[in-house]
Amino acid sequence: MAIVIVGAGLAGLRTAQEVRKLGYDGPVVLVGDETHLPYDRPPLSKDVIRGEREDTTFEPAEYFAEHRIELRLGSAAVSVDPGRRAVTLADGSALEYEDLVVATGLRPRRPSSLPELEGVHVLRSRDDAEALHRDASTASRAVVIGAGFIGCETASGLRHLGVEVTVVEPQATPLASVLGREVGALVGRLHTGEGVEVRTGVGLDTLRGTERVTHAVLDDGTQLEADLVVLGIGSTPATEWLAGSGIETGNGIHADVSGRTSDPHVWTVGDVAAWTVGDGRRRVEHWSNVGDQVRVMAPVLLGVEPGPSRPQVPYFWSDQYDLKIQALGAPSPEDTVRIVEDDGRKFLAYYVRDGILTAVVGAGKAGAVMKMRAGIGRPLE
Ligand SMILES: Cc1cc2nc3c(=O)[nH]c(=O)nc-3n(C[C@H](O)[C@H](O)[C@H](O)COP(=O)(O)OP(=O)(O)OC[C@H]3O[C@@H](n4cnc5c(N)ncnc54)[C@H](O)[C@@H]3O)c2cc1C
(Lines give C-alpha, C1' and ligand atoms only; values in the text may rest on other atoms or scores of the structure.)
Protein backbone atom coordinates (compact mmCIF):
# COMPACT_ATOMS: atom_id res chain seq x y z
CA MET A 1 0.00 0.00 0.00
CA ALA A 2 1.03 3.56 -0.64
CA ILE A 3 2.47 6.50 1.21
CA VAL A 4 -0.06 9.22 0.45
CA ILE A 5 1.10 12.80 0.93
CA VAL A 6 -1.55 15.53 1.02
CA GLY A 7 -0.22 18.97 0.10
CA ALA A 8 2.08 19.32 -2.92
CA GLY A 9 4.16 22.23 -1.64
CA LEU A 10 7.71 22.25 -0.28
CA ALA A 11 7.00 19.84 2.60
CA GLY A 12 5.02 17.37 0.46
CA LEU A 13 7.67 17.31 -2.25
CA ARG A 14 10.60 17.02 0.17
CA THR A 15 8.85 14.10 1.94
CA ALA A 16 8.38 12.23 -1.37
CA GLN A 17 12.02 12.84 -2.26
CA GLU A 18 13.33 11.77 1.15
CA VAL A 19 11.42 8.47 1.31
CA ARG A 20 12.77 7.60 -2.15
CA LYS A 21 16.29 8.61 -1.04
CA LEU A 22 15.97 6.29 1.97
CA GLY A 23 15.15 3.39 -0.36
CA TYR A 24 11.36 3.13 -0.08
CA ASP A 25 10.26 1.40 -3.25
CA GLY A 26 6.47 1.27 -2.85
CA PRO A 27 3.92 3.67 -4.34
CA VAL A 28 4.10 7.36 -3.40
CA VAL A 29 1.13 9.59 -4.20
CA LEU A 30 1.37 13.40 -3.90
CA VAL A 31 -2.03 15.11 -3.71
CA GLY A 32 -2.34 18.87 -4.24
CA ASP A 33 -5.32 21.19 -4.54
CA GLU A 34 -3.43 23.62 -6.79
CA THR A 35 -3.01 22.77 -10.47
CA HIS A 36 0.66 23.83 -10.62
CA LEU A 37 3.58 21.45 -10.21
CA PRO A 38 5.13 21.91 -6.74
CA TYR A 39 6.76 25.35 -6.63
CA ASP A 40 8.81 27.50 -4.30
CA ARG A 41 7.04 30.24 -2.34
CA PRO A 42 9.78 32.63 -1.06
CA PRO A 43 10.37 34.18 -4.52
CA LEU A 44 6.65 35.02 -4.79
CA SER A 45 6.91 38.01 -2.44
CA LYS A 46 10.25 39.04 -3.96
CA ASP A 47 11.12 38.40 -7.64
CA VAL A 48 7.59 37.45 -8.76
CA ILE A 49 5.80 40.58 -7.55
CA ARG A 50 8.63 42.67 -8.97
CA GLY A 51 8.00 40.93 -12.30
CA GLU A 52 11.55 39.56 -12.49
CA ARG A 53 10.62 35.88 -12.43
CA GLU A 54 7.50 33.90 -13.28
CA ASP A 55 8.19 30.23 -12.82
CA THR A 56 9.38 28.94 -9.45
CA THR A 57 8.61 25.26 -10.13
CA PHE A 58 10.94 22.89 -8.24
CA GLU A 59 11.04 19.97 -10.70
CA PRO A 60 9.66 19.34 -14.21
CA ALA A 61 6.87 16.78 -14.80
CA GLU A 62 9.37 14.13 -16.01
CA TYR A 63 11.08 14.16 -12.62
CA PHE A 64 7.95 12.77 -10.98
CA ALA A 65 7.56 10.01 -13.58
CA GLU A 66 11.23 9.10 -13.23
CA HIS A 67 10.98 8.81 -9.43
CA ARG A 68 7.57 7.10 -9.56
CA ILE A 69 5.86 9.85 -7.59
CA GLU A 70 2.24 9.87 -8.70
CA LEU A 71 0.89 13.41 -8.83
CA ARG A 72 -2.80 14.10 -8.17
CA LEU A 73 -2.91 17.85 -8.79
CA GLY A 74 -5.99 20.06 -8.82
CA SER A 75 -7.64 17.69 -6.38
CA ALA A 76 -8.21 18.69 -2.78
CA ALA A 77 -8.37 16.08 -0.05
CA VAL A 78 -11.74 16.61 1.63
CA SER A 79 -11.72 14.00 4.40
CA VAL A 80 -9.77 11.16 5.93
CA ASP A 81 -10.98 7.98 7.60
CA PRO A 82 -8.10 6.73 9.78
CA GLY A 83 -10.03 3.52 10.57
CA ARG A 84 -10.16 2.56 6.88
CA ARG A 85 -6.84 4.33 6.19
CA ALA A 86 -8.34 6.19 3.25
CA VAL A 87 -8.36 9.80 2.05
CA THR A 88 -11.29 11.07 -0.01
CA LEU A 89 -10.61 13.62 -2.74
CA ALA A 90 -12.96 16.35 -4.01
CA ASP A 91 -13.86 14.27 -7.09
CA GLY A 92 -15.16 11.52 -4.78
CA SER A 93 -12.29 9.10 -5.38
CA ALA A 94 -10.63 7.43 -2.38
CA LEU A 95 -6.92 6.77 -1.87
CA GLU A 96 -5.93 4.02 0.54
CA TYR A 97 -2.69 4.45 2.45
CA GLU A 98 -0.24 2.60 4.61
CA ASP A 99 0.93 5.95 5.95
CA LEU A 100 -0.51 9.40 5.35
CA VAL A 101 1.58 12.58 5.52
CA VAL A 102 -0.32 15.85 5.92
CA ALA A 103 1.61 18.82 4.51
CA THR A 104 -1.21 21.23 3.70
CA GLY A 105 0.48 24.46 4.82
CA LEU A 106 -1.46 27.62 5.58
CA ARG A 107 -4.26 29.74 4.19
CA PRO A 108 -3.93 33.54 4.33
CA ARG A 109 -6.38 35.35 6.61
CA ARG A 110 -8.97 37.49 4.90
CA PRO A 111 -11.59 38.81 7.35
CA SER A 112 -15.11 38.06 6.09
CA SER A 113 -16.24 41.49 7.38
CA LEU A 114 -14.25 43.23 4.61
CA PRO A 115 -16.18 44.05 1.42
CA GLU A 116 -15.23 42.16 -1.76
CA LEU A 117 -13.48 44.79 -3.90
CA GLU A 118 -11.08 44.72 -6.83
CA GLY A 119 -7.54 45.69 -5.94
CA VAL A 120 -7.52 43.79 -2.63
CA HIS A 121 -4.98 40.97 -2.41
CA VAL A 122 -3.57 38.29 -0.15
CA LEU A 123 -0.27 36.54 -0.91
CA ARG A 124 0.31 32.85 -0.40
CA SER A 125 0.11 31.13 -3.78
CA ARG A 126 1.61 31.56 -7.23
CA ASP A 127 -1.80 32.70 -8.52
CA ASP A 128 -1.96 35.32 -5.72
CA ALA A 129 1.52 36.63 -6.63
CA GLU A 130 0.78 36.84 -10.35
CA ALA A 131 -2.50 38.68 -9.69
CA LEU A 132 -0.74 41.09 -7.34
CA HIS A 133 2.05 41.78 -9.83
CA ARG A 134 -0.48 42.49 -12.63
CA ASP A 135 -2.44 44.88 -10.45
CA ALA A 136 0.66 46.54 -8.97
CA SER A 137 1.98 47.35 -12.44
CA THR A 138 -0.78 49.93 -12.91
CA ALA A 139 -1.39 50.95 -9.28
CA SER A 140 -0.15 54.21 -7.85
CA ARG A 141 -0.98 54.10 -4.14
CA ALA A 142 -0.91 50.97 -2.02
CA VAL A 143 -1.80 50.25 1.57
CA VAL A 144 -0.19 47.14 3.04
CA ILE A 145 -1.96 45.86 6.14
CA GLY A 146 0.44 44.09 8.48
CA ALA A 147 4.20 44.52 8.80
CA GLY A 148 5.15 40.88 9.16
CA PHE A 149 7.48 39.26 6.63
CA ILE A 150 4.87 39.14 3.86
CA GLY A 151 3.85 42.78 4.44
CA CYS A 152 7.44 44.04 4.62
CA GLU A 153 8.56 42.13 1.50
CA THR A 154 5.46 43.25 -0.39
CA ALA A 155 6.11 46.88 0.55
CA SER A 156 9.65 46.48 -0.75
CA GLY A 157 8.46 44.92 -4.04
CA LEU A 158 5.84 47.60 -4.58
CA ARG A 159 8.36 50.40 -4.01
CA HIS A 160 10.56 48.74 -6.64
CA LEU A 161 7.62 49.11 -9.06
CA GLY A 162 7.32 52.80 -8.18
CA VAL A 163 4.12 52.50 -6.14
CA GLU A 164 3.57 54.84 -3.15
CA VAL A 165 3.24 52.59 -0.09
CA THR A 166 1.80 52.96 3.40
CA VAL A 167 2.24 50.07 5.80
CA VAL A 168 -0.25 49.76 8.66
CA GLU A 169 0.75 47.73 11.71
CA PRO A 170 -1.12 47.48 15.04
CA GLN A 171 2.05 46.61 16.96
CA ALA A 172 4.71 49.15 17.95
CA THR A 173 7.13 48.23 15.14
CA PRO A 174 7.31 45.98 12.07
CA LEU A 175 8.11 42.32 12.87
CA ALA A 176 7.74 43.01 16.62
CA SER A 177 6.23 39.62 17.41
CA VAL A 178 9.08 37.76 15.68
CA LEU A 179 12.18 39.89 16.23
CA GLY A 180 11.13 42.16 19.11
CA ARG A 181 10.83 45.94 19.15
CA GLU A 182 14.50 46.96 19.02
CA VAL A 183 15.22 45.11 15.79
CA GLY A 184 11.68 45.84 14.56
CA ALA A 185 12.47 49.56 14.83
CA LEU A 186 15.57 49.07 12.64
CA VAL A 187 13.43 47.29 10.04
CA GLY A 188 10.91 50.16 10.24
CA ARG A 189 13.76 52.63 9.65
CA LEU A 190 14.80 50.67 6.57
CA HIS A 191 11.32 51.06 5.07
CA THR A 192 11.00 54.72 6.00
CA GLY A 193 14.36 55.30 4.32
CA GLU A 194 12.93 53.81 1.11
CA GLY A 195 10.00 56.25 1.14
CA VAL A 196 7.41 53.96 2.76
CA GLU A 197 5.07 55.54 5.28
CA VAL A 198 5.04 53.19 8.28
CA ARG A 199 2.03 53.69 10.58
CA THR A 200 2.30 51.64 13.75
CA GLY A 201 -0.07 51.19 16.69
CA VAL A 202 -3.11 51.26 14.44
CA GLY A 203 -5.13 48.59 12.62
CA LEU A 204 -7.53 48.29 9.70
CA ASP A 205 -11.20 48.98 10.34
CA THR A 206 -12.63 48.51 6.85
CA LEU A 207 -12.16 49.11 3.14
CA ARG A 208 -14.17 51.48 0.97
CA GLY A 209 -14.89 51.59 -2.74
CA THR A 210 -17.61 50.67 -5.21
CA GLU A 211 -16.08 48.16 -7.61
CA ARG A 212 -12.43 48.85 -6.89
CA VAL A 213 -10.97 49.76 -3.53
CA THR A 214 -10.48 53.51 -3.04
CA HIS A 215 -9.74 53.82 0.70
CA ALA A 216 -8.50 51.88 3.68
CA VAL A 217 -10.17 53.11 6.85
CA LEU A 218 -8.07 52.64 9.97
CA ASP A 219 -9.40 52.01 13.46
CA ASP A 220 -8.40 55.53 14.57
CA GLY A 221 -10.70 56.90 11.84
CA THR A 222 -7.94 57.82 9.34
CA GLN A 223 -8.88 57.26 5.70
CA LEU A 224 -5.97 56.35 3.45
CA GLU A 225 -6.40 56.64 -0.29
CA ALA A 226 -5.51 53.38 -2.05
CA ASP A 227 -5.96 51.70 -5.42
CA LEU A 228 -4.21 48.59 -4.13
CA VAL A 229 -4.51 46.92 -0.72
CA VAL A 230 -2.48 43.91 0.41
CA LEU A 231 -3.61 42.01 3.48
CA GLY A 232 -0.56 40.57 5.21
CA ILE A 233 -2.28 39.73 8.48
CA GLY A 234 -1.14 36.16 8.95
CA SER A 235 -2.34 32.75 7.96
CA THR A 236 -4.16 29.83 9.52
CA PRO A 237 -3.25 26.12 9.28
CA ALA A 238 -5.16 24.29 6.51
CA THR A 239 -6.73 21.64 8.75
CA GLU A 240 -10.45 22.09 8.05
CA TRP A 241 -10.63 18.88 5.98
CA LEU A 242 -9.48 16.81 9.01
CA ALA A 243 -12.61 17.72 11.00
CA GLY A 244 -14.31 14.62 12.36
CA SER A 245 -11.27 12.39 11.68
CA GLY A 246 -10.24 12.26 15.33
CA ILE A 247 -6.74 13.51 14.42
CA GLU A 248 -5.78 16.02 17.10
CA THR A 249 -5.52 19.62 15.92
CA GLY A 250 -5.27 23.01 17.59
CA ASN A 251 -3.00 25.71 16.25
CA GLY A 252 -1.93 23.25 13.53
CA ILE A 253 -1.83 19.47 13.60
CA HIS A 254 -0.47 18.11 16.86
CA ALA A 255 2.47 15.75 16.51
CA ASP A 256 5.25 14.18 18.59
CA VAL A 257 8.97 14.92 18.20
CA SER A 258 9.12 13.05 14.86
CA GLY A 259 5.92 14.30 13.23
CA ARG A 260 3.63 11.40 14.20
CA THR A 261 0.12 12.66 14.95
CA SER A 262 -2.42 11.24 17.42
CA ASP A 263 -3.01 8.51 14.79
CA PRO A 264 0.01 6.19 14.41
CA HIS A 265 -0.29 6.06 10.60
CA VAL A 266 -0.76 9.79 10.08
CA TRP A 267 2.21 12.18 10.04
CA THR A 268 2.52 15.91 9.58
CA VAL A 269 5.27 18.24 8.43
CA GLY A 270 5.85 21.84 7.35
CA ASP A 271 3.93 25.02 8.14
CA VAL A 272 0.76 23.14 9.20
CA ALA A 273 2.55 20.92 11.72
CA ALA A 274 2.72 21.64 15.46
CA TRP A 275 5.50 19.29 16.60
CA THR A 276 6.35 18.65 20.22
CA VAL A 277 9.35 20.73 21.32
CA GLY A 278 10.38 20.46 24.97
CA ASP A 279 7.26 20.75 27.10
CA GLY A 280 5.17 22.41 24.44
CA ARG A 281 4.25 22.50 20.78
CA ARG A 282 5.76 24.72 18.14
CA ARG A 283 4.56 25.51 14.66
CA VAL A 284 7.19 27.10 12.43
CA GLU A 285 6.47 29.01 9.22
CA HIS A 286 9.95 29.05 7.67
CA TRP A 287 11.44 27.31 4.64
CA SER A 288 14.51 25.70 6.25
CA ASN A 289 12.43 24.12 8.99
CA VAL A 290 10.70 21.97 6.36
CA GLY A 291 13.90 20.18 5.32
CA ASP A 292 14.96 19.80 8.98
CA GLN A 293 11.61 18.17 9.86
CA VAL A 294 11.52 15.89 6.80
CA ARG A 295 14.98 14.54 7.62
CA VAL A 296 13.78 13.66 11.14
CA MET A 297 10.35 12.27 10.16
CA ALA A 298 11.08 10.15 7.08
CA PRO A 299 13.38 7.54 8.72
CA VAL A 300 10.97 7.10 11.66
CA LEU A 301 8.03 6.70 9.27
CA LEU A 302 9.91 4.06 7.26
CA GLY A 303 11.44 2.40 10.33
CA VAL A 304 14.97 2.75 8.96
CA GLU A 305 18.16 4.05 10.53
CA PRO A 306 18.48 7.81 10.12
CA GLY A 307 21.58 9.16 8.39
CA PRO A 308 24.24 11.01 10.37
CA SER A 309 22.49 13.87 12.12
CA ARG A 310 23.64 17.46 11.89
CA PRO A 311 22.98 19.75 14.82
CA GLN A 312 19.98 21.79 13.73
CA VAL A 313 20.23 25.50 14.24
CA PRO A 314 16.98 27.09 13.01
CA TYR A 315 17.44 29.57 10.18
CA PHE A 316 15.23 31.93 8.23
CA TRP A 317 15.70 34.88 5.98
CA SER A 318 13.77 37.71 4.35
CA ASP A 319 14.78 39.90 1.40
CA GLN A 320 13.78 43.54 1.72
CA TYR A 321 15.11 46.06 -0.83
CA ASP A 322 18.77 45.19 -1.41
CA LEU A 323 19.21 43.70 2.07
CA LYS A 324 18.96 40.10 3.20
CA ILE A 325 17.69 39.90 6.77
CA GLN A 326 18.86 36.62 8.30
CA ALA A 327 18.07 34.96 11.60
CA LEU A 328 20.11 32.09 12.97
CA GLY A 329 18.77 30.45 16.13
CA ALA A 330 15.38 31.16 17.67
CA PRO A 331 14.96 34.88 18.38
CA SER A 332 12.22 35.76 20.81
CA PRO A 333 10.74 39.19 21.63
CA GLU A 334 11.34 38.29 25.30
CA ASP A 335 15.10 37.99 24.84
CA THR A 336 17.49 40.80 25.70
CA VAL A 337 18.68 42.31 22.43
CA ARG A 338 22.16 43.73 21.94
CA ILE A 339 22.62 45.75 18.77
CA VAL A 340 26.30 45.12 18.06
CA GLU A 341 26.58 46.81 14.64
CA ASP A 342 24.45 49.53 13.08
CA ASP A 343 25.48 51.79 10.21
CA GLY A 344 22.08 53.46 9.89
CA ARG A 345 20.79 50.76 7.52
CA LYS A 346 22.62 47.45 7.91
CA PHE A 347 22.71 45.99 11.40
CA LEU A 348 23.68 43.00 13.52
CA ALA A 349 21.90 41.99 16.74
CA TYR A 350 22.52 39.31 19.36
CA TYR A 351 19.60 37.81 21.30
CA VAL A 352 20.46 36.71 24.82
CA ARG A 353 18.50 34.91 27.52
CA ASP A 354 20.00 34.05 30.92
CA GLY A 355 23.44 34.81 29.50
CA ILE A 356 22.97 32.32 26.64
CA LEU A 357 23.08 33.43 23.01
CA THR A 358 19.71 32.34 21.56
CA ALA A 359 19.94 33.95 18.13
CA VAL A 360 21.78 36.30 15.82
CA VAL A 361 19.88 38.54 13.43
CA GLY A 362 21.51 40.64 10.76
CA ALA A 363 20.56 42.79 7.80
CA GLY A 364 23.19 42.85 5.07
CA LYS A 365 25.52 40.97 7.45
CA ALA A 366 25.61 37.43 6.05
CA GLY A 367 29.20 36.68 7.03
CA ALA A 368 28.83 37.99 10.59
CA VAL A 369 25.58 36.05 11.13
CA MET A 370 26.92 32.71 9.87
CA LYS A 371 30.14 33.10 11.86
CA MET A 372 28.08 32.89 15.07
CA ARG A 373 26.55 29.45 14.27
CA ALA A 374 28.73 27.58 16.75
CA GLY A 375 27.97 30.13 19.47
CA ILE A 376 24.18 29.68 19.44
CA GLY A 377 23.03 27.97 22.63
CA ARG A 378 26.25 28.85 24.46
CA PRO A 379 27.07 31.56 27.00
CA LEU A 380 27.85 34.85 25.30
CA GLU A 381 31.27 36.13 26.32
C1 LIG B 1 5.02 34.62 -0.18
C2 LIG B 1 5.88 33.82 0.75
C3 LIG B 1 7.20 34.15 0.96
C4 LIG B 1 8.00 33.42 1.83
N5 LIG B 1 9.29 33.79 2.03
C6 LIG B 1 10.05 33.12 2.92
C7 LIG B 1 11.40 33.51 3.16
O8 LIG B 1 11.90 34.48 2.60
N9 LIG B 1 12.12 32.81 4.07
C10 LIG B 1 11.60 31.73 4.74
O11 LIG B 1 12.31 31.13 5.58
N12 LIG B 1 10.33 31.32 4.51
C13 LIG B 1 9.55 31.99 3.62
N14 LIG B 1 8.26 31.58 3.39
C15 LIG B 1 7.74 30.40 4.09
C16 LIG B 1 7.96 29.11 3.29
O17 LIG B 1 7.66 29.30 1.94
C18 LIG B 1 7.07 28.04 3.91
O19 LIG B 1 7.63 27.74 5.17
C20 LIG B 1 6.96 26.78 3.07
O21 LIG B 1 6.37 27.05 1.82
C22 LIG B 1 6.12 25.75 3.81
O23 LIG B 1 5.89 24.65 2.99
P24 LIG B 1 4.62 23.71 3.20
O25 LIG B 1 4.77 22.65 2.17
O26 LIG B 1 4.47 23.36 4.61
O27 LIG B 1 3.36 24.62 2.85
P28 LIG B 1 2.94 25.19 1.43
O29 LIG B 1 4.15 25.59 0.66
O30 LIG B 1 1.89 26.22 1.70
O31 LIG B 1 2.26 23.95 0.67
C32 LIG B 1 1.03 23.39 1.09
C33 LIG B 1 0.26 22.95 -0.13
O34 LIG B 1 -0.86 22.16 0.28
C35 LIG B 1 -2.01 22.55 -0.45
N36 LIG B 1 -3.24 22.13 0.26
C37 LIG B 1 -3.85 22.74 1.31
N38 LIG B 1 -4.96 22.04 1.68
C39 LIG B 1 -5.04 20.98 0.82
C40 LIG B 1 -5.97 19.89 0.71
N41 LIG B 1 -7.01 19.74 1.54
N42 LIG B 1 -5.76 18.98 -0.27
C43 LIG B 1 -4.69 19.10 -1.13
N44 LIG B 1 -3.80 20.11 -1.05
C45 LIG B 1 -3.95 21.03 -0.08
C46 LIG B 1 -1.84 24.05 -0.57
O47 LIG B 1 -2.64 24.62 -1.56
C48 LIG B 1 -0.35 24.12 -0.91
O49 LIG B 1 -0.15 23.94 -2.27
C50 LIG B 1 7.44 32.30 2.51
C51 LIG B 1 6.09 31.96 2.32
C52 LIG B 1 5.31 32.71 1.44
C53 LIG B 1 3.85 32.34 1.23
Side-chain angles (χ1 to χ4, degrees), residues 4-17 29-50 56-58 71-80 87-91 95 100-109 121-130 132-133 146 148-154 156-157 175 178 230-232 234-243 245 252-253 259 268-275 283-294 297 314-320 323-328:
V4 171
I5 303 164
V6 176
L10 176 67
L13 173 64
R14 289 285 181 264
T15 301
Q17 292 174 318
V29 187
L30 186 54
V31 177
D33 59 359
E34 297 184 78
T35 52
H36 306 294
L37 286 168
Y39 61 86
D40 205 14
R41 282 172 211 272
L44 300 180
S45 49
K46 306 168 182 78
D47 320 32
V48 176
I49 54 172
R50 288 199 303 266
T56 69
T57 305
F58 285 115
L71 286 173
R72 299 285 296 258
L73 298 179
S75 62
V78 291
S79 65
V80 55
V87 171
T88 303
L89 305 187
D91 65 5
L95 291 173
L100 170 68
V101 179
V102 182
T104 44
L106 310 173
R107 304 220 187 274
R109 275 197 203 110
H121 295 261
V122 291
L123 180 52
R124 177 80 196 170
S125 68
R126 177 173 168 171
D127 295 346
D128 294 340
E130 285 169 4
L132 176 55
H133 171 68
F149 286 114
I150 299 287
C152 286
E153 291 189 353
T154 300
S156 154
L175 294 171
V178 195
V230 183
L231 302 172
S235 304
T236 46
T239 55
E240 65 295 332
W241 64 285
L242 297 175
S245 68
I253 304 170
T268 187
V269 68
D271 284 9
V272 76
W275 283 27
R283 206 171 56 68
V284 178
E285 301 182 5
H286 298 307
W287 198 94
S288 300
N289 174 63
V290 172
D292 292 343
Q293 285 188 333
V294 167
M297 177 187 72
Y315 171 76
F316 61 86
W317 81 96
S318 170
D319 296 323
Q320 298 178 29
L323 293 188
K324 191 172 281 297
I325 299 175
Q326 294 168 297
L328 197 59

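Both counts, for ligands and for their atoms, begin at 1 and track the order of listing.
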Considering distance alone, does some N or O of [X] sit under 3.5 Å from an N or O of ligand 1?
X	answer
Ala11	yes
Trp317	yes
Glu34	yes
Ser45	no
Asp33	yes
Tyr315	no
Ala77	yes
Phe316	no

Is [X] near ligand 1, meaning one of its heavy atoms is under 4.0 Å from it?
X	result
Glu153	yes
Gly32	yes
Val272	no
Arg14	no

- [ ] Under the side-chain hydrogen bond (donor to acceptor under 3.5 Å, both in side chains) rule, collect the residues that match up with Arg72, sequence neighbours excluded.
- [x]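 Arg72 satisfies side-chain hydrogen bond (donor to acceptor under 3.5 Å, both in side chains) with Ser93 once adjacent residues are dropped.
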Task: Set of residues satisfying side-chain hydrogen bond (donor to acceptor under 3.5 Å, both in side chains) with respect to Thr88, sequence neighbours excluded - done: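 So Thr88 forms no side-chain hydrogen bond (donor to acceptor under 3.5 Å, both in side chains) with any residue.
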Open item on the list: Side chains of Phe149 and Glu285, heavy atoms from C-beta outward: is any pair under 4.5 Å?
Closed with: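 With C-beta onward as the side chain, the pair stays apart.
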